[in-house]
Amino acid sequence: MFYFLCFISSFLIILFTPVHAATFVYVGNATSNEISIHQLNPTNGDLSLVNKIKIPGVIEPGISSPMVISPDQCFLYIVSRGKPYMISSFKIDAMTGKLSHIDNQMMNANIAYISIDLTGQYLISASYPHHKIIVNPVSKNGDILKHQYTLNGFPNAHAVLIDKTNRYVLVPTLGDDRVYQFEFNVNSGKMKLNDPPYIDLNKNSLKKKVGPRHIVFHPNGQYIYVIGQFDASIHLFDFNPKTGVLNEKQNIFTLPVKYKYKRKAAADIHITPDGRFIYSSDRVSSTISGFEVDAESGFLTSIEVIETEKSPRGFNIDASGKYLLVVGELSNEMSIYRINKISGRLIKLKSYLMGINPNWVEIVTFP
């Protein structure tokens, strides 16, 4: 009920204020231990700085700053991967986009990815170096409660994806080339392995080692795309909403045929809200790859590969599907691209200075 009231409160404030919809961009800057907050102009894609906020309680910054926004857009949660291991919660001001610190919760592992269930009651985290999946209840005020339980033995767990029914959870594990399939109980927050418990990616891979990293749903809920860090390929799966089980049917290389680097390090993957285009990033070549999505099958066709910010660990797409925002963890800048609504090609607009080691981007649009 609180989450509904939080949303209604924000909506009423905006409804009776003579302003247009506001879009705010949150960037996690790991090394400088700060979240930079910007407002995105929906007309021309210009970015203006709102403010920067330090994450309290951090003794030593980590290598990245995973973030997630609550379903009602009232709260932002961010991970600190240095010392100590913790997750911090912030209240989002719907009028200004500014953040107010609520709480820090100490964690028993180094978290590489954080997600939140559709009710906003549970944070589900993946620990890459400690091979764990951790569930934390969240209070109605945005406080993160002590971790409810920990699932061990998931090698280099790298992301968490919750389906649209809130009944199933998928976790790609880079260490053993699998995507684990779980049933999720929203009443208790508990997870149990599905039947079958996982799907192997290296059976049909273009290369032997895949390294499944990040994972996204198509808006129709029928297709799932996984980016392989080591094979730099996108793996397409059919998703059965009745059983929560995957079936792989395509993998496609994201980089140019004449790829000049010995190593690959694919990082992030996102899809436009209309489901027409999908994009991935690679940190070694510092590129963004674009693909067109076939509406009937989910199959991908390559559009282009472009050079972008140095080591693009994270990027995102705004709710309108007009803009792609990518940060370079080694350039300390963000580039903004307009997405051509017909071809899916990216047109660079401007670059902006961020904090040190920007690596994660979250975008919120208030009506």
Peer 1: In the structure I gave you, are the side-chain heavy atoms of Tyr168 and Ile162 within less than 4.5 Å of one another anywhere?
Peer 2: no
Peer 1: Is there a path of hydrophobic side-chain contacts, each under 4.5 Å between heavy atoms, that joins Ile37 and Leu47?
Peer 2: no
Peer 1: Under 6.0 Å from the NZ atom of Lys54, do we count more than 12 heavy atoms belonging to anything else shown?
Peer 2: yes
Peer 1: Using the six-membered ring wherever Trp is involved, compare the ring planes of Phe24 and Tyr26 and label them parallel, tilted or perpendicular (cut-offs 30° and 60°).
Peer 2: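 Rings of Phe24 and Tyr26: tilted, as their planes differ by 30° to 60°.
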Peer 1: Does Lys264 pair with Asp282 as a salt bridge, N-O distance under 4.0 Å?
Peer 2: no
Peer 1: Inspect the contact between Arg178 and Asp200 and indicate whether a charged nitrogen and a carboxylate oxygen are less than 4.0 angstrom apart.
Peer 2: yes
Peer 1: Counting C-beta onward and ignoring hydrogens, is there a side-chain heavy-atom pair between Ile234 and Ser280 closer than 4.5 Å?
Peer 2: yes
Peer 1: Start with the C-alpha distance between Ile306 and Tyr337, add both sets of side-chain angles, then the distance that settles side chain to side chain contact (heavy atoms under 4.5 Å, CB included), and finish with yes or no.
Peer 2: CA-CA 11 Å; Ile306 64 167; Tyr337 298 85; 3.7 Å; yes
Peer 1: Would you say that Thr173 contacts Asn156 through its side chain, given a criterion of any heavy-atom pair below 4.5 Å between the two side chains?
Peer 2: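 They are not in side-chain contact.
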Peer 1: Do Asn340 and Arg345 have side-chain atoms, one donor and one acceptor, less than 3.5 Å apart?
Peer 2: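 No, no side-chain donor-acceptor pair sits under 3.5 Å.
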Peer 1: Does anything in residues 259-279 form a ring pair (Phe, Tyr, Trp, His ring centres under 6.0 Å)? List the pairs, not counting sequence neighbours.
Peer 2: Tyr259-Tyr261, His270-Phe315
Peer 1: Does a donor on one side chain sit under 3.5 Å from an acceptor on the other, for Asn29 and Ser36?
Peer 2: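 There is such a pair between these side chains.
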Peer 1: Show me the side-chain donor-acceptor pairs of residues 286-295 shorter than 3.5 Å, one per line, residues at least two apart or across chains.
Peer 2:
from: Ser286; atom 1: OG; to: Ser311; atom 2: N; distance (Å): 3.0
from: Thr287; atom 1: OG1; to: Ser285; atom 2: OG; distance (Å): 2.8
from: Ser289; atom 1: OG; to: Thr254; atom 2: O; distance (Å): 2.4
from: Asp294; atom 1: OD2; to: Glu296; atom 2: N; distance (Å): 3.1
from: Asp294; atom 1: OD2; to: Ser297; atom 2: N; distance (Å): 2.8
from: Asp294; atom 1: OD2; to: Ser297; atom 2: OG; distance (Å): 2.9

Peer 1: Can you find a heavy atom in the side chain of Ile53 that is under 4.5 Å from one in the side chain of Glu34?
Peer 2: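 A side-chain contact under 4.5 Å is absent here.
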Peer 1: What's the verdict on side chain to side chain contact (heavy atoms under 4.5 Å, CB included) for Ile133 and Met191, showing C-alpha distance, side-chain angles and the deciding distance?
Peer 2: CA-CA 10 Å; Ile133 303 165; Met191 295 164 52; 4.1 Å; yes
Peer 1: Check salt bridge (charged side-chain N to carboxylate O under 4.0 Å, His left out) between Glu183 and all other residues, then give those that pass, not counting sequence neighbours.
Peer 2: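 Here the qualifying residues are Lys192.
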Peer 1: Considering residues, nucleotides and ligands other than Lys249, do more than 12 of their heavy atoms fall under 6.0 Å from its NZ?
Peer 2: yes
Peer 1: Taking the six-membered ring of Tyr149, is the NZ or CZ of Lys190 close enough (under 6.0 Å from the centre) and on axis enough (within 45°)?
Peer 2: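 Output yes; distance and angle both within limits.
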Peer 1: With the threshold set at 4.0 Å, does a side-chain nitrogen-carboxylate oxygen contact exist between Asp231 and Lys209?
Peer 2: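 Looking at Lys209 together with Asp231, the answer is no, because their closest N to O distance does not fall below 4.0 Å.
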Peer 1: If the plane angle is over 60° it's perpendicular, under 30° parallel, otherwise tilted; pick one for His218 and Tyr225.
Peer 2: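 His218 and Tyr225: tilted rings.
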Peer 1: Do Ile363 and Ile271 share a hydrophobic cluster, counting only Ile, Leu, Val, Met, Phe, Trp and Tyr and linking them when any side-chain heavy atoms are less than 4.5 Å apart?
Peer 2: no
Peer 1: I would like to know whether Val226 and Val179 meet side chain to side chain contact (heavy atoms under 4.5 Å, CB included); could you show each step before the answer?
Peer 2: CA-CA 9 Å; Val226 178; Val179 176; 4.3 Å; yes
Peer 1: Test side chain to side chain contact (heavy atoms under 4.5 Å, CB included) on Arg313 and Arg283; report intermediate values, then the result.
Peer 2: CA-CA 6 Å; Arg313 189 183 187 113; Arg283 288 167 290 171; 3.8 Å; yes
